[in-house]
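What follows is a set of notes on a single structure, which appears directly below.
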Amino acid sequence: MNALAATSRNFRNASRILGLDSKLERSLLIPFREIKVECSIPKDDGSLATYVGFRVQHDNARGPMKGGIRYHPEVDPDEVNALAQLMTWKTAVADIPYGGAKGGIGCNPKDLTISELERLTRVFTQKIHDLIGIHADVPAPDMGTNAQTMAWILDEYSKFHGHSPAVVTGKPIDLGGSLGREAATGRGCVFATEALLAEHGMSINNLTFAIQGFGNVGSWAARLIHERGGKIVAVSDITGAVKNPNGLNIPELLMHKERTGSLKDFHGGDAMDPGEVLVHECDVLIPCALGGVLNRDNAADVKAKFIIEAANHPTDPDADEILSKKGVVILPDIYANSGGVTVSYFEWVQNIQGFMWDEEKVNAELNKYMTRAFNNIKGMCKTHECSLRMGAFTLGVNRVARATLLRGWEA
Ligand SMILES: NC(=O)C1=CN([C@@H]2O[C@H](COP(=O)(O)OP(=O)(O)OC[C@H]3O[C@@H](n4cnc5c(N)ncnc54)[C@H](O)[C@@H]3O)[C@@H](O)[C@H]2O)C=CC1
Ligand SMILES: O=C(O)CCC(=O)C(=O)O
């Protein structure tokens with residue numbers, strides 16, 4: 001099932017549980033605005049290269065639209081639409097005053113030099129600068145982008161609108177970024193995991209973990225789980241995969257990745273097939289890479305008892321059904337990875353106030369938001385006798401529906 005069909009199906013199920021009117025349902029589903037732009041740049045060798053950039057602004061009933069920008073070969077309108085819609089429900093679950101958006105450029109950032117990436121980011125910003133803004137739509141990093149990408153967007157946007165640090169989040173600290181934002185998605189995921197495990201009378205330090213993806217989110221989740229005594233028995237990324245039944249030494253693996261750019265040839269474990277990580281023997285599986293990786297082809301083989309969706313929509317609806325029947329507990333993306341956008345909100349607030357928080361405050365507030373959202377989701381699960389995914393969707397959709405009705409937008 002494609003990403004948009006899967007996301008919309010979850011939304012419709014939540015809408016049915018909440019008993020939303022069909023006109024309101026339609027208005028919540030259809031995106032506010034879809035932008036598609038040509039981005040042509042000279043390559044370093046003088047040749048011309050053309051890429052397609054997207055920004056989908058899904059909903060702004062609760063505040064400015066918010067969401068990352070992805071650079072990946074598989075970026076397409078369907079995927080960006082699904083991710084933008086997920087942002088709307090995610091910001092509502094976190095109860096931060098935003099709507100949802102997402103963007104991306106169909107490119108492989110690994111094939112571009114740093115100066116080509118800079119030109120591409122600046123051209124994309126020139127094409128969308130009138131449609132983003134501090135109180136309209138605030139981008140952030142996602143797969144294939146980082147703080148440097150945000151610095152280029154900030155600089156290009158500021159040429160048109162004056163110095164505007166709050167137009168992007170996840171930017172470098174020197175340009176007004178927040179302490180703790182880089183780690184925030186992984187850290188939020190770990191707070192979410194702790195909240196879930198506590199419900200089951202368990203804790204991280206007694207369990208084994210498998211992690212798919214070792215970029216921003218995966219590497220931070222791994223580092224923080226390792227610090228808490230969790231045993232990470234398998235890790236994969238696009239370069240390969242490594243396993244160790246006694247637990248990988250994550251600080252050493254991070255240094256190896258930093259030194260070689262790859263997970264290959266790490267002496268602290270055995271190489272394995274990257275696809276096997278998802279079905280590896282472990283208590284907790286954390287997908288931190290692409291969407292749709294758990295599907296009807298592999299769901300029955302998953303060994304984990306818990307899945308923490310650090311990636312966006314890693315589990316398609318077929319897999320959701322198979323895994324639920326097996327009794328696997330899934331912590332859904334719109335809650336599990338909401339730590340990133342929550343600290344983005346803290347960054348935006350700090351920029352608007354012109355004041356910087358220390359990292360302890362950022363992390364303590366993040367924990368507070370993650371715990372509150374978990375309790376709110378559990379409340380919806382109890383009221384509607386539903387899964388954690390439907391608990392999160394009904395929570396988010398209901399908040400957006402209420403804001404929409406209060407504004408008088410439903411007719
Ligand atoms: N960066 C953020 O703050 C947030 C990210 N997310 C989601 O988390 C996921 C990861 O994002 P980031 O860590 O930021 O991206 P990243 O670009 O820093 O890292 C992506 C990782 O996935 C790996 N990967 C790619 N294809 C793979 C494959 N076929 N098999 C195994 N590994 C593969 C890459 O090698 C890399 O390690 C995405 O789904 C993103 O939407 C969600 C919320 C916030
Ligand atoms: O930090 C943000 O604004 C957005 C993060 C994001 O793209 C996501 O949560 O998927």
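Atoms within each ligand, like the ligands themselves, are counted from 1 in listed order.
For the side chain to side chain contact (heavy atoms under 4.5 Å, CB included) test with Cys39, the passing option among Val123, Thr50, Val52 is Val123; the others fail.
The shortest N or O to N or O distance between Gly340 and ligand 1 is not below 3.5 Å. Considering backbone and side-chain atoms alike, Met87 places every N or O at 3.5 Å or more from each N or O of ligand 2. Taking only nitrogen or oxygen atoms, main chain and side chain alike, Val217 reaches within less than 3.5 Å of ligand 1.
Which parts of ligand 1 touch Phe214 is read off a 4.0 Å heavy-atom cut-off, strictly below it: atoms 37 (O). Within ligand 2, the atoms closer than 4.0 Å to a non-hydrogen atom of Asn312 are 10 (O), numbered from 1 in the order shown. For ligand 2 and Lys66, the ligand atoms under 4.0 Å from any heavy atom of the residue are 2 (C), 3 (O). The contact set between ligand 2 and Ala140, taken as ligand atoms under 4.0 Å from a residue heavy atom, comprises 1 (O), 2 (C), 3 (O), 4 (C). Close approach of ligand 2 to Gly68 is summarised as follows: ligand atoms under 4.0 Å from at least one heavy atom of the residue are 4 (C), 6 (C), 7 (O). With ligand atoms numbered from 1 in the order given, ligand 1 contributes 42 (C), 43 (C) to contacts under 4.0 Å with heavy atoms of Asn337. Within the listing of ligand 1, atoms 31 (C), 32 (N), 33 (C), 35 (O), 37 (O) sit less than 4.0 angstrom from a heavy atom of Asp237. Per-residue contacts place Gly340 under 4.0 angstrom from the following atoms of ligand 2 (heavy atoms of the residue considered): 1 (O). Near Arg181, meaning under 4.0 Å from any of its heavy atoms, are these atoms of ligand 1: 3 (O). Heavy-atom proximity to Arg70, at under 4.0 Å, picks out these atoms of ligand 1: 38 (C), 39 (O), 40 (C), 41 (O).
When hydrogens are left out, the protein atom nearest atom 1 (O) of ligand 2 is Ser344 OG, 2.6 Å; that is the closest non-hydrogen contact. Of the protein's non-hydrogen atoms, the one nearest atom 18 (O) of ligand 1 is Asn216 N, 2.9 Å. The shortest contact between atom 26 (N) of ligand 1 and any protein heavy atom is with Ile238 CD1, 3.5 Å. The protein non-hydrogen atom at the shortest distance from atom 19 (O) of ligand 1 is Gly215 CA, 3.3 Å. Closest to atom 5 (C) of ligand 2, if we only count protein heavy atoms, is Arg181 NH2, 4.1 Å. Ala289 O, 2.6 Å is the protein heavy atom nearest to atom 39 (O) of ligand 1.
Scanning both residues, Phe11 and Leu29, for their nearest heavy atoms gives CD2-CD1, 3.3 Å.
Contacts of Val341 with ligand 2, taken as heavy-atom pairs under 4.0 Å, involve both backbone and side chain. Under 4.0 Å from ligand 1, the heavy atoms of Thr185 that appear belong solely to its side chain. With a 4.0 Å heavy-atom cut-off, ligand 1 is reached by no atom of Pro314.
When Lys102, Met143, Met150, Lys90 are ranked by how near their heavy atoms come to atom 9 (O) of ligand 2, first place goes to Lys90. With atom 25 (C) of ligand 1 as the reference point, the heavy atom nearest to it among Met143, Lys90, Lys102 is part of Met143.
No hydrogens or angles considered: a donor-acceptor pair under 3.5 Å links the side chains of Thr88 and His58.
The aromatic rings of Tyr157 and His161 sit parallel to each other, their planes meeting at less than 30°, with 60° as the upper class boundary. In this pair, His135 and Trp348 present their aromatic rings perpendicular. The plane angle is above 60°, beyond the 30 to 60° band.
Residue contact annotation: His72 has no non-hydrogen atom under 4.0 Å from ligand 1. Look at Cys288 and you'll find a heavy atom under 4.0 Å from some atom of ligand 1.
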